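When reading the values below, keep in mind they use all heavy atoms of this one structure, side chains included, and skip hydrogens, waters and symmetry mates. Remember, predicted model here, so these are calculated numbers, not experimental data. Along the sequence shown, the residues carry numbers beginning at 1.
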Amino acid sequence: MVKRSTVMSEPTYFVLAALLDGPVHGYGIIKRAQEQSGGRVRLAVGTLYGALDRLAGDGLIVVDREETVQGRPRRYYRLTEDGRLAVTREALRLEQAARVVTGRASLLTGDAGA
């Protein structure tokens, strides 16, 4: 059940996108989101965990598993089907919006009078 019908924020989009290939722990999400966004999304730890709690509350992600690494707990998160659907819908919305501009040959080729 996808609750949010509004536009997804860029950090939320990249947090969900970071989980598309399978479960990832918090630091891995931070790194993937930064890489996949070309460095635009730089999540602070507190911001990330607040977002993860919200996304879990919305049913878009769940905790996949927990393990202890060097004496510290590490929690892995994964997308739910609703989460996968939400990020896919947002990607399609962004693609359609981009086509408004990129689909115009005159802008791409410089042929304004064509």
Working to the nearest 0.5 Å, report the span between [atom1] of [X] and [atom2] of [Y].
X	Y	atom1	atom2	answer
Leu85	Leu79	CG	CG	11.0 Å
Leu20	Phe14	CG	CZ	11.0 Å
Leu60	Thr80	CG	OG1	5.5 Å

Under 4.5 Å between any side-chain heavy atoms of [X] and [Y], yes or no?
X	Y	result
Val69	Arg72	no
Leu52	Arg75	no
Asp21	Arg32	yes

Practice task
Apply the test side-chain contact (heavy atoms from CB on, under 4.5 Å) to residues Lys31 and Val24: give CA-CA distance (whole Å), side-chain angles for both, the deciding distance (0.1 Å), then the verdict.
Solution key: CA-CA 10 Å; Lys31 296 304 287 179; Val24 181; over 6 Å; no

Practice task
Using side chain to side chain donor-acceptor pair (under 3.5 Å) as the criterion, list what pairs up with Arg84, not counting sequence neighbours.
Solution key: none

Handout entry: Met8 backbone acceptor or donor facing Thr12 side chain under 3.5 Å
Key =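 Looks like no, no N/O pair under 3.5 Å.
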
Practice task
Taking Thr68 for its side chain and Pro73 for its backbone only, find out whether a donor-acceptor pair lies under 3.5 Å.
Solution key: no

Practice task
Give the cluster check for Val62 versus Val87: same hydrophobic cluster or not, with ILVMFWY residues linked at side-chain heavy-atom distances below 4.5 Å.
Solution key: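 As far as the 4.5 Å side-chain criterion goes, Val87 and Val62 are not connected within one cluster.
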
Problem - Hydrophobic cluster membership, Val15 vs Tyr27, 4.5 Å side-chain cutoff - result: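 Different clusters.
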
Handout entry: Pairs flagged by ring-ring contact (aromatic ring centres under 6.0 Å, His included) wherever residues 68-94 is involved - sequence neighbours left out
Key = His25-Tyr76

Can you list, pair by pair, the side-chain donor-acceptor contacts under 3.5 Å of residues 34-51, counting residues two or more places apart and other chains?
from  : atom 1 : to    : atom 2 : distance (Å)
Ser37 : OG     : Ala33 : O      : 2.8
Ser37 : OG     : Gln34 : O      : 3.2
Ser37 : OG     : Arg40 : N      : 3.3
Ser37 : OG     : Val41 : N      : 2.9
Arg40 : NE     : Glu10 : OE2    : 2.8
Arg40 : NH1    : Ser37 : O      : 2.8
Arg40 : NH2    : Glu10 : OE2    : 2.8
Arg42 : NE     : Gly39 : O      : 3.4

Fill in the blank from the handout: Which of Ile61, Asp64, Leu55 passes side chain to side chain contact (heavy atoms under 4.5 Å, CB included) with Leu19? It is Ile61

